Amino acid sequence: MAVDMLILLLWGAMFVRFWVTGRMGLLLHPDYMWLAHSAAVVLLALGSIRAVQIWQRMRSSRPLIITPAEPHFSLLPRQLSTGLLLAIAVFGLIYTPRPFTSETALQRGVTDTLSMTRSSPQRFTLNTAPESRTIIDWVRTLNVYPEPDAYTGKKANVVGFVIHPPGWPDNYVMISRFVLTCCAADAYPVGLPVRLAPGETRPRPDSWLQVQGQMATDTLDGKRQMVIEASQVDTVPEPRNPYEY
């Protein structure tokens with residue numbers, strides 16, 4: 001009973017820690033935050049109830065009567081499952097989630113399209129000015145009409161982290177954001193190529209930039225693509241919430 005109480009309280013504390021520190025946003029889509037918050041409250045409440053029961057039993061002069069547990073099917077031995085639950089809770093209390101890096105983006109494959117199973121609206125309209133569009137706004141625009149020449153000359157002003165795709169010229173980088181549809185496990189990167197101005201120092205991977213310029217068309221990896229012809233590149237702090245939705 002004491003172990004059950006400890007597991008409930010540790011798991012509740014883990015959820016509360018991510019909640020209070022704002023790191024829950026690195027793990028879950030905002031639409032599902034209420035589930036994690038509710039779980040934290042319920043787990044702490046159940047753990048507290050169990051603690052009161054143990055305290056009352058210890059104060060009672062009645063002998064402890066242990067009733068045999070009803071048989072039930074279990075995939076893992078109780079000792080092993082209990083140990084796993086405790087270990088995961090302790091790890092969650094000491095682990096600090098971090099945003100994904102450019103290395104993870106390259107491993108998962110950076111794309112400039114959104115598939116039907118990913119975060120794309122059933123009916124897409126975009127009335128914002130080009131310079132107000134985010135990276136995912138541009139990607140959704142390309143989903144609707146993928147001809148890159150249609151956007152030549154349009155202004156761009158986007159924020160994202162830097163990726164150095166293998167084989168690209170030194171005057172090109174990818175500016176990217178991860179898109180979260182449910183949780184961090186299904187996050188995937190989208191990005192746009194950036195052509196740096198002559199003499200511009202190539203920014204390091206994972207640095208966060210605000211890139212201003214205009215759209216152009218170029219060929220990279222044997223494919224005609226829409227690229228941002230940068231006129232101004234500024235380093236910016238990493239956003240508190242680095243994901244797009």
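Source: prediction; values computed, not measured. Just so you know, these numbers use all the heavy atoms, side chains as well, and skip hydrogens, waters and symmetry mates. Position 1 is the first residue of the sequence, and the numbers go up from there.
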Working to the nearest 0.5 angstrom, can you tell me the gap between [X] [atom1] and [Y] [atom2]?
X: T152; Y: D149; atom1: OG1; atom2: CG; answer: 5.0 Å
X: Q107; Y: F100; atom1: CD; atom2: CZ; answer: 10.5 Å
X: F161; Y: I163; atom1: CZ; atom2: CD1; answer: 4.5 Å
X: I135; Y: I228; atom1: CD1; atom2: CD1; answer: 7.0 Å
X: M174; Y: L106; atom1: CE; atom2: CG; answer: 8.5 Å
X: I136; Y: S176; atom1: CD1; atom2: OG; answer: 10.5 Å

Residues T134, E244; criterion side-chain contact (heavy atoms from CB on, under 4.5 Å); working and verdict = CA-CA 9 Å; T134 64; E244 294 272 14; 3.4 Å; yes
Are [Y] and [X] connected in a single hydrophobic cluster, I mean Ile/Leu/Val/Met/Phe/Trp/Tyr linked by side-chain heavy atoms less than 4.5 Å apart?
X: L84; Y: Y95; value: no
X: L35; Y: Y245; value: no
X: V139; Y: Y145; value: yes
X: V90; Y: F18; value: yes
X: I49; Y: V41; value: no

Under 4.5 Å between any side-chain heavy atoms of [X] and [Y], yes or no?
X: W168; Y: R202; answer: yes
X: L209; Y: V159; answer: no
X: P239; Y: W208; answer: yes
X: R133; Y: R140; answer: no
X: M33; Y: M24; answer: yes
X: P203; Y: L196; answer: yes
X: T219; Y: Q225; answer: no
X: V158; Y: I175; answer: yes

**Asked** Would E131 and K154 pass as an ion pair if we require N to O under 4.0 Å?
**Response** no
Any idea which heavy atoms bring [X] and [Y] closest together, and the distance?
X: R108; Y: F178; answer: CD-CE2, 4.4 Å
X: G92; Y: R17; answer: O-NH1, 3.0 Å
X: R177; Y: Y243; answer: NH2-O, 3.9 Å
X: G25; Y: N241; answer: O-OD1, 4.2 Å
X: V211; Y: A230; answer: CG1-CB, 3.9 Å
X: P99; Y: R23; answer: CD-NH1, 4.4 Å

Which of parallel (below 30°), tilted (30 to 60°) and perpendicular (above 60°) describes F15 and W11?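 The arrangement is tilted - the two ring planes meet at 30° to 60°.
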Do the side-chain N and O atoms of [X] and [Y] include a donor-acceptor pair separated by under 3.5 angstrom?
X: S102; Y: R204; value: no
X: N171; Y: E200; value: no
X: T101; Y: D206; value: no

Q. Yes or no on side-chain contact (heavy atoms from CB on, under 4.5 Å) for R50 and D4, after CA distance, side-chain angles and deciding distance?
A. CA-CA 8 Å; R50 188 61 60 89; D4 294 343; 3.3 Å; yes
Exercise. For the pair M226 and E147, evaluate side-chain contact (heavy atoms from CB on, under 4.5 Å) and give the outcome as yes or no after the intermediate values.
Key: CA-CA 8 Å; M226 182 180 74; E147 173 50 56; over 6 Å; no
The single option from T235, N157, D234 that satisfies side chain to side chain donor-acceptor pair (under 3.5 Å) with Q210 is N157
- Would V227 and L220 satisfy side-chain contact (heavy atoms from CB on, under 4.5 Å), going step by step from the backbone distance to the final call? CA-CA 9 Å; V227 304; L220 292 169; 4.2 Å; yes
